[in-house]
Amino acid sequence: MEKPLDKLFDKFLQGQAIFRQRNTLRPTYVPEDLPYRDEQMGRIGSILGPALRGAPPSNILCYGKTGTGKTVVAKYVLKLLVSKAEQSGITPPLATFVNCRIVGTNYRVLKRLCDQIGATMPDGSEVPFTGLPTDEIRSILKKKLDAEPNILVVVLDEVDSLVKRDVNQGNDILYSLTRMNSELENSRISIIGISNDLKFKEVLDPRVLSTLGEEEVIFPPYNAVELKGILQQRVKIAFNEGAISDEGVINLVGALAAQEHGDARRALDLLRTAGELAERRGDEQVSQEHVREAQKVIERDTITETVKTLPLQSKAVLFAVYALASEGKRDIFTGECYNVYTEIAKILSIDTLTQRRISDLISELDMLGLINTTVISKGRYGRTKKIRLAIGKRQIGTILDEDVRLSKISKELLA
DNA sequence: CCTCCACCGGAACGTGAGGAGT
DNA sequence: ACTCCTCACGTTCCGGTGGAGG
């Protein structure tokens with residue numbers, strides 16, 4: 001126990017730790033330069049450029065899957081724009097950033113904007129979290145903006161989640177923001193919407209779309225070569241020299257992430273986890289072995305997370321599958337699963353749902369990748385779904401056991 | 001070739017919680 | 001305080017179906 005720890009601390013003392021700047025591998029980090037996104041940066045830059053001359057830029061919609069650099073490019077260009085304006089002695093545009101997945105409502109979006117541009121209540125205090133009519137906070141924002149000529153650039157990250165949560169409300173927010181322009185005398189607002197969902201446009205109100213979607217910028221996924229380039233760049237700043245054992249490590253990370261539809265965030269996450277793993281073990285270098293291990297860790301973590309956050313009914317269904325699998329059954333049919341589920345529900349004293357509903361829950365578990373199902377016909381003996389656990393029994397068992405309600409019955413049932 | 005099992009999965013409807021408007 | 005909507009979650013009802021066995 002003492003020895004490896006001793007060794008580990010020694011490493012830190014000698015400054016031989018693996019990381020130089022771990023934070024540069026986190027998704028929030030904006031690097032000095034962004035490879036392979038010249039085209040997108042160019043587009044956004046040329047659209048925002050007029051802001052330097054005091055002219056309002058068009059609104060922009062950015063599309064692309066997760067980890068394709070949308071957010072980071074937006075941040076990067078804005079940062080540059082602001083600093084350029086400052087250098088030239090021009091009032092810089094007000095750059096604000098709102099993540100719509102976290103800040104989910106009309107009011108809170110406005111509140112965030114007020115905070116970021118320093119709009120306050122008439123008495124100078126901060127805008128309250130709640131309690132004001134939405135109209136009022138809107139006019140506070142307007143007043144502050146119009147006090148002097150400003151250009152406000154609003155980045156709405158993950159706008160699609162806004163509309164997904166509530167189509168009407170989402171459209172309302174966007175509509176009220178775009179419309180605010182015509183109510184302002186001195187200032188202008190321009191919006192950069194960022195969306196993961198390519199179909200996002202379809203559910204958008206046409207009035208909103210016509211103003212919001214003036215310009216569109218597409219972010220394609222990175223391919224394996226590009227991912228490798230990005231990794232190489234980050235490795236230089238994130239890790240100490242020689243901390244990566246060989247070229248193969250980066251290639252492997254790149255290849256694994258490329259399989260995940262070119263998600264750079266995943267790639268960097270994988271690299272960081274691999275580094276942390278190596279560090280924790282007191283190894284001097286990150287090897288391919290660490291990367292593979294890290295892949296497993298990440299996978300396991302996401303599975304654990306999805307199972308944990310499952311509603312109790314779904315857990316009960318999963319438990320039923322697990323119980324049957326533990327009895328050595330490889331293939332489980334809906335009927336059997338339902339019977340066991342009924343037992344479990346009884347013991348848990350929760351409502352016993354109908355088979356129809358359970359059938360849907362089973363499909364959901366399939367979508368989440370926790371089980372695999374195929375519809376098969378057993379001829380004379382009917383048509384049903386063949387269910388299999390998609391993950392290790394051991395892992396499912398331990399996670400389900402963490403739920404107090406289920407851990408009680410696991411003994412009862414297996415007895 | 002037909003039958004008929006045991007479920008699939010679509011559709012319409014019921015219910016209660018939570019928000020927005022008034 | 002009140003009504004009106006919308007949603008998520010469930011239920012009921014039911015037509016549909018691949019293929020083993022007659």
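In what follows, every chain begins at residue 1, and chains take the letters A, B, ... in the order their sequences are listed.
In this entry the distance linking NZ of A:Lys386 with C1' of B:dC8 reads 16 Å, nearest Å. Residue A:Arg380 contributes atom CZ, which lies 15 Å from atom P of B:dC2 at whole-angstrom precision. The separation between A:Ile376 atom CD1 and C:dG19 atom P is 10 Å, rounded to whole Å. For the pair A:Asp351 CG and B:dG16 C1', the interatomic distance rounds to 13 Å; values are reported in whole Å. Note: CG (A:Leu353) to P (C:dA8) measures 18 Å, nearest angstrom. If you take OH of A:Tyr381 and P of B:dC4, they are 15 Å apart, rounded to a whole angstrom. For the pair A:Arg357 CZ and B:dG14 C1', the computed distance is 14 Å after rounding to whole Å. Taking atom NZ on A:Lys378 and atom P on B:dC8, their separation rounds to 11 Å, with Å as the unit.
Phosphate contact (OP1/OP2 of B:dG9, side-chain N/O of A:Lys385, threshold under 4.0 Å): present. Between B:dC8 and A:Ser359, a contact under 4.0 Å exists linking OP1 or OP2 to a side-chain N or O. Proximity of A:Thr334 to the phosphate of B:dC8: a side-chain N or O atom is located under 4.0 Å from OP1 or OP2.
Residue-to-nucleotide proximity on DNA chain C shows that, of A:Gln313 and A:Gly382, the 5′-proximal contact is made by A:Gln313. Each of A:Arg356 and A:Gly379 was assigned the nucleotide of DNA chain B with the nearest heavy atom; the assignment lying further toward the 5' end belongs to A:Gly379.
For the pair A:Lys315 and A:Tyr322, the cation-pi criterion (under 6.0 Å, within 45° of the ring axis) is not fulfilled. Geometrically, A:Arg234 does not engage A:Tyr29 in a cation-pi contact, judged by NZ or CZ lying under 6.0 Å from the ring centre and within 45° of the ring axis.
In this structure, the side chain of A:Tyr76 engages the main chain of A:Glu32 through a donor-acceptor pair within 3.5 Å.
The 12-atom threshold is not exceeded at NZ of A:Lys144, counting heavy atoms of other residues, nucleotides or ligands nearer than 6.0 Å.
Scanning atom types as modelled, one donor and one acceptor separated by under 3.5 angstrom connect the side chain of A:Arg383 and the base of C:dT17.
Contact check on A:Glu39 versus A:Arg43 returns no salt bridge, with no Lys/Arg side-chain nitrogen under 4.0 Å from an Asp/Glu carboxylate oxygen.
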